[in-house]
J.: 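Please find one structure pasted underneath; my questions will follow.
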Amino acid sequence: TSIAMAKSILLINGPNLNLLGTREPTLYGSTTLPEVVASAQKQASSLSIRLESMQSNHEGVLIDRIHQARGKIDAVVINPGALTHTSVALRDALLGVEIPFVEVHISNIHKREAFRHHSYLSDKAEAVICGLGVYGYEAAIEFAARHIKPKDKAQ
Ligand SMILES: O=C(O)[C@@H]1C=C(O)[C@@H](O)[C@H](O)C1
């Protein structure tokens, strides 16, 4: 069945995720971000999806990238890092460009400090994945590909 699938996905990683693989490995694992991105690219091409990826430690840089995705990206997969728990601005950027998104956390934020239990994004996310380790990225891309339909716009 030729179900319409997302054609383009933007993978966004927020602050400190550049340290993935060496940062608190009991919580975040030993896989590095480049390795996560490489397997995401492989997965996307097997789904015939264009995957773009970026990481920044700077809230405004993340927001600017989300703005640039407007009209160009069908779905966002985002691990906002600590901005999950603090950033109304990031929430507003995603709502502002009207791109559906999947929220990913490597760790189970609900098993951690109370300040990590709230997300400024979750109530607007198509799905929230947490505690699956870096597999959460694979699950998020699979879900986004199959469940987020491209808007009928010029790709
Ligand atoms: O589990 C994760 O991927 C999230 C990553 C971070 O950097 C933390 O600030 C979040 O609280 C959890």
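Indexing begins at 1, ligand by ligand and atom by atom, following the structure's order.
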J.: Partners of Thr86 by side-chain contact (heavy atoms from CB on, under 4.5 Å), sequence neighbours excluded?
T.: Leu83
J.: Report yes or no: do Asn57 and Glu59 form a side-chain donor-acceptor pair below 3.5 Å?
T.: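 No, because no side-chain N or O of Asn57 sits under 3.5 Å from a partner of the opposite role on Glu59.
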J.: List the residues meeting side-chain contact (heavy atoms from CB on, under 4.5 Å) with His118, not counting sequence neighbours, and say none if there are none.
T.: Tyr120
J.: Is a side-chain donor-acceptor pair under 3.5 Å present for Glu35 with Thr32?
T.: yes
J.: Identify the protein atoms, limited to N or O, that lie within less than 3.5 Å of an N or O atom of ligand 1, and list each pair with its distance to 0.1 Å.
T.:
unit_1, atom_1, unit_2, atom_2, d
ligand 1, 1 (O), Ile106, N, 3.1
ligand 1, 1 (O), Ser107, N, 2.8
ligand 1, 1 (O), Ser107, OG, 2.6
ligand 1, 3 (O), Asn79, ND2, 2.8
ligand 1, 3 (O), Ile106, N, 2.8
ligand 1, 7 (O), Arg23, NH1, 3.0
ligand 1, 7 (O), Arg23, NH2, 2.7
ligand 1, 9 (O), Ala82, N, 3.1
ligand 1, 9 (O), Arg116, NH1, 3.2
ligand 1, 11 (O), His85, NE2, 2.7
ligand 1, 11 (O), Arg116, NH1, 2.9

J.: Is it the case that the side chains of Ser8 and Glu52 hold a donor-acceptor pair, with the cut-off being a distance below 3.5 Å and no angle test?
T.: no
J.: Side-chain heavy atoms under 4.5 Å apart, restricted to Ile/Leu/Val/Met/Phe/Trp/Tyr: what other residues fall into the cluster of Val128, or is it alone?
T.: none
